[in-house]
> 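This is the structure, below, for whatever I ask next.
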There are 2 protein chains.
Amino acid sequence: MLLPRNTSSILALRTHVQQFTPLTDAEWQGLEPHLREMTLGRKQLFAEEGKRANLVGFVLQGSLRQFYTRDGDEKTTYFYFENNLVADYISCLTKQPGLLTLETLEETRLLVFNYDVLERLCGEFPAWNTFARKIAEYIAIGLEMRLVEHLMYSPEERYNLLIKSNKTRILERIPQQYIASYLGMTPVSLSRIRNRLARSA
Amino acid sequence: MLLPRNTSSILALRTHVQQFTPLTDAEWQGLEPHLREMTLGRKQLFAEEGKRANLVGFVLQGSLRQFYTRDGDEKTTYFYFENNLVADYISCLTKQPGLLTLETLEETRLLVFNYDVLERLCGEFPAWNTFARKIAEYIAIGLEMRLVEHLMYSPEERYNLLIKSNKTRILERIPQQYIASYLGMTPVSLSRIRNRLARSA
DNA sequence: TGTGGCTCTTTACAAATGTTAAGAAATGTG
DNA sequence: CACATTTCTTAACATTTGTAAAGAGCCACA
């Protein structure tokens, strides 16, 4: 479902982009005409396993989860909330069919554009190229930290790290089964760990 | 230990860089004057935990491992071989003290340059900015796949995936205790898994 | 507001990995 | 080439997590 564009939404995205690198009005105008609003109901798909992704979204309201499927079993690996960009980044980069699915957790409103527009802007404007570089660097740092957490800490320690982190949105808004998956354990195991912690506290 | 520069080494690096994006001679000359050769003996450090990193290396000969330390316990998370770039990427990007250590596994010869040179080139030449972007994207893709492997597969399955992968250099050249760490398990556990596999084969 | 479905917890049991320690094997170094 | 060191294997035991199943609690939606 596509809606007309909204000025304050567009400003929110521009502000987000400019947290990575400054943009002149002219540079911004390279992207703005390609933006459109989209609203998805609960449990609808923003990207689907097996399909080549070319859509980037900026979450205005709502949330999504990212999961990989194996033998019909879903492994949730990431969550997206307001004021963040969401995409099957790997499929956009490689132009290969995606391995993951992006599903809304609630009714979600997004500002969207096609990844190939950004790719074209990277060739036309150094500023957009720098933005794309900074985004990639930001993603790489996040992934490295997350991988290290898995290599260095036990499931119970990872849950404690999540509690002490500033990712409270995850704990507040995400069903526990998905948090368990995100932390690399089963829902049963997370329930046990929570029980242990509650008793000792 | 620094040695005079060597033409074929420099060509090897240029070839590697150009696998990410094409460069004119003029663009390449932005980097070349800043290259120098370095040779490290076995078990010497290329980057050290707690120190801010600013060095990028291109491995000409030899290999390194990357590890994080926790309570005196080392967790090896990555290996670097010939014809690959090595750096404490996060420390270079964030300009914060590094969390990891890079140690040679054998006598290693590298071509090195300072990261801030590359950063400057990103501002001067769009081609170098694109190179930095492609590198970041390449790293992000690798990290995402590695994280997913940990979230979706058991230690034994991860060992099987490593065997079936094209990362044979790891299995051939890396001590098993480090491979175990890389796979997120103890050396004892890896030895057991190998034993099980050998019996069933 | 009631009802069906989804989510979380709890239990018992199975399976895998972690821990510790000792010995065998391999490797690096003088 | 031989010794010292490091690495790998094996074993026994402890701990943790996974699995399956049942019930309680909560939420969404009609």
Side-chain angles (χ1 to χ4, degrees), chain A residues 40-44 62-63 65 67 70-76 79 103-108 149-163 170-201, chain B residues 40-44 62-63 65 67 70-76 79 103-108 149-163 170-201:
Chain A
L40 293 173
R42 191 167 175 272
K43 298 214 175 191
Q44 283 197 276
S63 54
R65 74 183 176 108
F67 63 87
R70 187 186 168 201
D71 309 328
D73 195 31
E74 298 175 354
K75 303 284 184 181
T76 298
F79 306 107
E103 185 188 78
T104 58
L105 288 160
E106 54 197 312
E107 179 165 312
T108 298
E149 258 182 36
H150 277 265
L151 290 168
M152 292 183 72
Y153 299 97
S154 69
E156 177 160 356
E157 289 171 319
R158 292 199 294 271
Y159 179 65
N160 281 314
L161 286 172
L162 178 63
I163 289 177
I170 292 180
L171 292 163
E172 287 161 5
R173 290 172 57 179
I174 305 292
Q176 227 162 270
Q177 57 179 322
Y178 300 144
I179 296 178
S181 197
Y182 172 81
L183 291 171
M185 67 180 93
T186 61
V188 176
S189 194
L190 178 55
S191 183
R192 259 190 303 235
I193 287 168
R194 283 165 54 85
N195 189 323
R196 272 203 301 265
L197 278 171
R199 284 178 191 287
S200 70
Chain B
L40 293 173
R42 191 168 175 273
K43 298 214 177 193
Q44 283 195 275
S63 53
R65 75 182 174 107
F67 63 87
R70 188 188 167 200
D71 309 328
D73 196 31
E74 297 175 355
K75 303 285 184 180
T76 298
F79 306 107
E103 185 188 79
T104 58
L105 288 159
E106 56 197 309
E107 179 164 311
T108 298
E149 258 182 37
H150 277 263
L151 289 167
M152 292 184 70
Y153 299 97
S154 70
E156 177 160 355
E157 287 171 319
R158 292 199 294 269
Y159 178 66
N160 280 315
L161 287 172
L162 179 63
I163 289 175
I170 291 180
L171 291 163
E172 287 162 6
R173 290 171 60 180
I174 305 292
Q176 229 161 269
Q177 57 178 322
Y178 301 145
I179 296 178
S181 196
Y182 173 80
L183 292 171
M185 67 181 93
T186 61
V188 176
S189 194
L190 178 54
S191 183
R192 261 191 301 234
I193 287 169
R194 283 164 54 85
N195 188 322
R196 271 201 303 264
L197 280 170
R199 284 177 191 287
S200 71

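Since the structure is predicted, the reported quantities are computational estimates derived from the model, not experimental observations. Because only heavy atoms are used, hydrogens play no part in the values below, and waters and symmetry mates are left out as well, while side chains stay in. Chain A is the first sequence line, chain B the second, and so forth, proteins listed ahead of strands; every chain is numbered from 1.
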> My understanding is that only residues two or more places apart in sequence, or in another chain, count here; which of them pass side chain to side chain contact (heavy atoms under 4.5 Å, CB included) with A/Ser191?
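So A/Ser191 forms no side chain to side chain contact (heavy atoms under 4.5 Å, CB included) with any residue.
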> Using a heavy-atom cut-off of 4.0 Å to chain A, what are the terminal contacting nucleotides of DNA chain D, in 5' to 3' order?
D/dT17 to D/dA20
> If you compare all heavy atoms of B/Met152 against all heavy atoms of B/Glu157, which two are closest, and at what distance to 0.1 Å?
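Looks like O-OE1, 4.3 Å.
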> How many Å lie between CD on B/Gln44 and P on C/dG28, as a whole number?
16 Å
> Using atom OH of A/Tyr159 as one end and atom P of C/dC8 as the other, report the distance to the nearest whole Å.
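Going from OH in A/Tyr159 over to P in C/dC8 covers 11 Å.
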> Would you call B/Met185 and B/Arg192 a side-chain contact if the rule is heavy atoms closer than 4.5 Å?
no
> If you assign B/Pro187 and A/Arg42 each to the DNA chain D nucleotide with the nearest heavy atom, which residue ends up on the more 5' nucleotide?
B/Pro187
> At 10 degrees resolution, what angle do the end axes of the helix from C/dT1-D/dA30 to C/dG30-D/dC1 form when each is taken over five base pairs?
60°
> Test of understanding: with side-chain hydrogen bond (donor to acceptor under 3.5 Å, both in side chains), list the residues that count as partners of B/Thr186, not counting sequence neighbours.
none
> List the residues meeting side chain to side chain contact (heavy atoms under 4.5 Å, CB included) with B/Ser63, not counting sequence neighbours, and say none if there are none.
B/Phe81, B/Leu105, B/Glu106, B/Arg173
> Not counting sequence neighbours, which residues clear side-chain hydrogen bond (donor to acceptor under 3.5 Å, both in side chains) with A/Arg42? List them please.
none
> Rounded to the Å, how far apart are B/Asn160 CG and C/dA16 C1'?
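B/Asn160 atom CG is separated from C/dA16 atom C1' by 15 Å.
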> May I ask you to evaluate whether A/Gln177 reaches the phosphate of C/dC6, defined as a side-chain N or O under 4.0 Å from OP1 or OP2?
no
> Could you pull out all residues at least two apart from B/Glu149 that satisfy side chain to side chain contact (heavy atoms under 4.5 Å, CB included)?
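Testing B/Glu149 for side chain to side chain contact (heavy atoms under 4.5 Å, CB included), a comparison that skips the adjacent residues, returns B/Tyr153, B/Leu161.
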> For B/Arg158 and C/dA16, give me the distance from atom CZ to atom P, rounded to whole Å.
14 Å
> Quick one: side-chain hydrogen bond (donor to acceptor under 3.5 Å, both in side chains) partners of A/Glu107, sequence neighbours excluded?
none
> In residues 174-181 of chain B, what donor-acceptor pairs under 3.5 Å come from side-chain atoms, sequence neighbours left out?
{"from": "B/Gln176", "atom 1": "OE1", "to": "B/Arg194", "atom 2": "NE", "distance (Å)": "3.2"}
{"from": "B/Gln176", "atom 1": "OE1", "to": "B/Arg194", "atom 2": "NH2", "distance (Å)": "3.4"}
{"from": "B/Ser181", "atom 1": "OG", "to": "B/Thr76", "atom 2": "N", "distance (Å)": "2.7"}

> Mind checking what makes salt bridge (charged side-chain N to carboxylate O under 4.0 Å, His left out) contact with B/Arg158, not counting sequence neighbours?
none
> Below 3.5 Å between N/O atoms, which protein atoms pair up with nucleotides 18-23 of chain C? Just atom names and distances, please.
{"from": "C/dG18", "atom 1": "OP2", "to": "B/Thr186", "atom 2": "N", "distance (Å)": "3.3"}
{"from": "C/dG18", "atom 1": "OP2", "to": "B/Thr186", "atom 2": "OG1", "distance (Å)": "3.1"}
{"from": "C/dG18", "atom 1": "OP2", "to": "B/Ser189", "atom 2": "OG", "distance (Å)": "3.3"}
{"from": "C/dG18", "atom 1": "N7", "to": "B/Arg192", "atom 2": "NH2", "distance (Å)": "2.9"}
{"from": "C/dG18", "atom 1": "O6", "to": "B/Arg192", "atom 2": "NH1", "distance (Å)": "3.1"}

> Rounded to whole Å, how long is the line connecting atom CD of B/Glu172 with atom P of C/dA26?
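B/Glu172 atom CD is separated from C/dA26 atom P by 18 Å.
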> Rounded to the nearest Å, what distance is computed from the CD atom of residue B/Glu157 to the P atom of nucleotide C/dA15?
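After rounding, the reported distance stands at 16 Å.
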> With sequence neighbours left out, what residues match A/Phe79 under ring pair (Phe, Tyr, Trp, His ring centres under 6.0 Å)?
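A/Tyr182.
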> Tell me which nucleotide among C/dT10, C/dT7, C/dT29 gets nearest to the side chain of A/Asn195.
C/dT10
> Expressed as a whole number of angstroms, how long is the span from B/Gln176:CD to C/dA24:P?
19 Å
> Side-chain contact, heavy-atom cut-off 4.5 Å: A/Phe67 with B/Leu151?
no
> With DNA chain D as reference, determine whether A/Ser154 or B/Lys43 sits nearer its 5' end, using the nearest nucleotide of each.
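Per heavy-atom nearest nucleotide, the more 5' residue is B/Lys43.
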> To the nearest Å, how far apart are B/Arg196 CZ and C/dA16 C1'?
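From B/Arg196 CZ to C/dA16 C1': 7 Å.
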